[in-house]
Every structure is written in C-alpha cells, then in structure tokens.
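Please read the structure below before turning to the comments.
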Amino acid sequence: VDARVSRAATGRCFFALLLVLASENCHANELARSRFSAHRLGTTIRLTVYAEDKLQATRAAQAALLEIDRLEAILSSYRDDSELVRLSNRSGSGQGIPVSNDLWQVLCAANRLSRKTQGAFDITVGPYSQLWKQARRERQLPTAEQLATAGNAVGYRHVQLDCADQRCRLTQPNMRLDLGGIAKGYIADRALAALQAAGCPIALVDAGGDLALGAAPPGRSGWRVGIAPLAADAPASQFLSLADAAVATSGDAWQSVTIDGVRYSHLLDPRTGIGLTQRSSVTVVASDCLTADSLASAVSVLGPQAGMRLIESICGAEMLLVEQRDGQAQRQSSTGLKALLDAD
C-alpha cells in the first residue's frame with residue numbers, strides 16, 4: 001500500500017492508504033502478507049507485514065509511518081525545525097542543551113563508535129558535507145582554506161554529553177551534526193518495534209536499503225536479503241537468510257563526482273574532510289539496524305583491515321566488503337558471514 005500524507009486545516013496528519021501493492025493469503029488459516037511503501041526520510045520506505053488480515057496490516061503500517069514521521073522531526077539534518085538542527089544552531093553557546101530520549105540514544109551510540117574508531121565515524125562532519133554538496137554541483141574541489149575553516153567545527157570531542165541530566169553541549173561555533181550514517185538505522189528499528197507492538201512480529205522495514213527484520217516469514221528460516229553489488233546496475237548474486245536481525249549497506253554506487261580525473265565518493269573521511277576515492281561496498285549484519293548502519297559507514301572509511309578488526313570487536317556483527325582494485329572486485333568477509341548465506 002502506498003501511504004501518503006494529507007494535511008487537514010487543523011494541521012493533523014492523516015494517512016490515506018491508496019494503492020495495494022501486494023497481498024497474499026494462500027489458505028484461510030495462514031497469515032496474509034501485505035506490502036506498503038511511502039516516501040519518507042528522502043527515500044522510499046517499504047514495509048512488509050504478515051498479519052491476520054489486511055486491516056490489521058494497514059493499522060500496523062500506519063503506526064510505523066507515524067513513528068517514522070515523529071523521529072524525522074527529531075533527527076533530520078534537512079529540516080530547519082528539527083531538534084537536531086536546533087541543537088546545532090546553539091553550538092558554541094557554552095550551554096548544555098537538554099535533548100529528547102530518542103536524540104540522546106543516537107548521540108550516545110554515535111559517541112561510542114566515534115571513540116572506538118578514533119573519528120572514522122563522526123556525526124560532526126556536517127560542515128564538510130556542506131562543502132562537498134557544493135563541490136558536486138560545481139565539479140570543483142573545496143579549497144584548502146575552506147576545508148580548514150570547516151574543520152574548526154568538526155571533531156567528535158567537541159560533543160560533550162552530560163549523562164546526569166541528559167544534556168548535550170557543542171563546544172565549537174558553527175557545528176552541524178549530521179546523522180546520515182546512523183539515523184535511518186535507528187528509525188528502522190523503531191518502525192519495526194511499532195509494527196511488532198501492533199501485533200505483527202513477522203515484519204520487515206526497508207529504509208532505503210537499511211533493513212530491520214522481525215521474525216522469519218511462515219515456512220522459512222529467515223528473510224531472503226540480496227547483498228548489494230559494487231555496481232549500481234548489477235543484480236545481487238549473493239543472498240542472506242536473516243531473522244530478528246538487521247542489515248545495512250554503505251557504498252557509493254549511486255553518488256559520486258569526478259573532478260580532474262579522480263572519482264570522489266559522497267562518503268567523506270571525517271578526519272580529513274575529503275571524499276573517499278577507493279570504491280567499495282560494505283554490507284554489515286548486526287542485531288539491530290542502528291548498529292548495522294553506523295558500522296557500515298565506519299568500515300567504509302576505515303577500509304578492509306581496520307574495518308575487519310572493528311567488526312570482530314562487536315558481538316554478533318558480520319560483514320562483507322567488496323572493493324574495486326585494478327579493475328577487479330575483491331571481496332573480504334568475516335568468518336561468520338558464510339553461515340548466514342541463503343543456500344536457495
């Protein structure tokens with residue numbers, strides 16, 4: 001079902017479920033599968049829900065979309081009125097700003113990973129991101145002066161979290177937090193929780209390629225998930241079988257810019273402010289989507305050796321990294337990934 005938002009004069013949001021994409025019910029005693037899609041978070045959100053009937057599935061999907069909308073208003077870096085942007089706007093004020101429970105959870109998870117990776121993952125990368133958006137439009141590299149100025153406001157150590165009263169202080173002026181490498185994963189987790197709370201434990205949330213997976217579909221050991229290839233137009237050749245888990249992929253197949261003969265990814269190294277030049281696709285499996293999303297982002301920056309060490313230090317995490325070297329795709333996978341591959 002395509003879920004779209006219309007606004008009444010009161011300003012309340014109503015979800016009109018307009019187009020049935022798929023619904024299956026082979027036998028009366030079996031659960032029906034329904035699929036829903038909606039544009040959220042700058043991408044297409046897809047929900048797959050097994051329920052007793054279409055009505056239950058539709059209500060569960062509505063609950064999940066409401067949760068996504070609620071969290072987007074908190075975590076978005078593109079909405080001027082989001083809690084995240086309001087926090088960034090108070091950077092350098094010297095004040096500790098109280099934050100909501102959802103933003104607090106994401107900030108704490110980001111801080112832990114930033115410290116573990118020594119800045120290879122860093123949500124303060126926003127000033128660099130703004131420079132590279134301009135670079136992609138104009139096909140011109142940021143100048144050394146621009147990078148230096150932006151770099152004054154970048155650095156995870158500039159984010160100070162006060163656990164005693166759940167406040168965040170951004171110590172440098174002009175900081176811009178960017179949760180692009182972690183927020184979709186968190187939102188996918190919360191959307192799946194909303195589906196489960198609505199009585200649909202067998203469900204899948206696809207937030208633009210970040211997948212939060214509930215219990216296995218009827219008659220299967222898990223959800224069949226294709227591993228994203230290195231090339232944008234290539235079909236998946238390997239598949240995972242997963243349940244009660246999450247999978248996320250980070251890569252630059254769709255977003256890059258070539259300047260002076262060098263291909264730069266939209267993925268940036270927060271430690272240098274420069275777009276990655278080594279083509280790669282990183283797929284991470286973890287217990288939750290926040291973890292999978294953020295680890296995939298971190299490994300993309302760290303590269304295969306340091307990235308593998310990171311994955312091996314996280315309980316339950318597995319990874320497949322594909323790099324383009326000398327015209328050939330080179331693969332490196334963690335030891336436990338093979339057990340998750342679908343034999344079908």
Side-chain angles (χ1 to χ4, degrees), residues 1-8 12-75 102 183-226 228 236 239-249 285-290 292-293 342 344:
V1 175
D2 179 18
R4 303 180 183 177
V5 176
S6 63
R7 291 189 179 274
R12 294 177 58 194
C13 292
F14 295 88
F15 291 92
L17 301 178
L18 301 176
L19 175 63
V20 176
L21 296 181
S23 181
E24 298 179 0
N25 191 355
C26 299
H27 303 286
N29 293 329
E30 292 184 356
L31 296 175
R33 182 181 71 181
S34 297
R35 291 174 174 168
F36 306 79
S37 69
H39 187 76
R40 297 289 191 280
L41 311 176
T43 187
T44 299
I45 304 294
R46 294 182 173 88
L47 310 175
T48 302
V49 184
Y50 284 83
E52 295 178 359
D53 51 44
K54 291 181 184 178
L55 179 60
Q56 184 189 30
T58 299
R59 287 174 173 170
Q62 288 176 323
L65 290 170
L66 283 169
E67 180 68 352
I68 290 170
D69 284 344
R70 184 185 71 82
L71 291 169
E72 186 174 18
I74 295 171
L75 304 174
D102 292 295
K184 275 201 306 178
Y186 179 77
I187 293 173
D189 286 334
R190 300 313 306 156
L192 178 62
L195 293 171
Q196 294 168 331
C200 298
I202 305 175
L204 175 153
V205 177
D206 178 355
D210 291 348
L211 307 179
L213 311 169
R220 293 192 60 89
S221 61
W223 298 86
R224 193 167 190 252
V225 177
F239 295 85
L240 300 167
S241 180
L242 299 168
D244 296 314
V247 58
T249 296
V285 178
S287 59
D288 60 86
C289 205
L290 177 147
D293 188 14
D342 193 336
D344 292 345

Residues which pass salt bridge (Lys or Arg N to Asp or Glu O under 4.0 Å) with R46, listed by chain and number, not counting sequence neighbours: none
Counterpart residues, side chain to side chain contact (heavy atoms under 4.5 Å, CB included), relative to D244 (two or more places apart): A215
When rounded to the nearest 0.5 angstrom, what distance separates [atom1] in [X] from [atom2] in [Y]?
X: I68; Y: E72; atom1: CD1; atom2: CD; answer: 9.0 Å
X: D189; Y: D288; atom1: CG; atom2: CG; answer: 5.0 Å
X: I74; Y: D69; atom1: CD1; atom2: CG; answer: 11.5 Å
X: L65; Y: I45; atom1: CG; atom2: CD1; answer: 8.0 Å
X: R70; Y: D102; atom1: CZ; atom2: CG; answer: 4.5 Å
X: F36; Y: T58; atom1: CZ; atom2: OG1; answer: 4.0 Å

With [X], which residues qualify under side chain to side chain donor-acceptor pair (under 3.5 Å), at least two apart?
X: Q56; answer: none
X: S221; answer: S241
X: Y50; answer: none

Nearest non-hydrogen partners of K184 and L41, listed with the distance: CG-CD1, 4.2 Å
Closest contact, heavy atoms only, G222 versus A243: CA-CB, 4.2 Å
I'd like a table of donor-acceptor pairs (distance under 3.5 Å, sequence neighbours excluded) in which one partner is a side-chain atom from residues 190-213, with atom names and distances.
from	atom 1	to	atom 2	distance (Å)
D206	OD1	G208	N	3.3
D206	OD1	G209	N	2.7

Candidate pair L47 and R35, rule side chain to side chain contact (heavy atoms under 4.5 Å, CB included), full reasoning: CA-CA 6 Å; L47 310 175; R35 291 174 174 168; over 6 Å; no
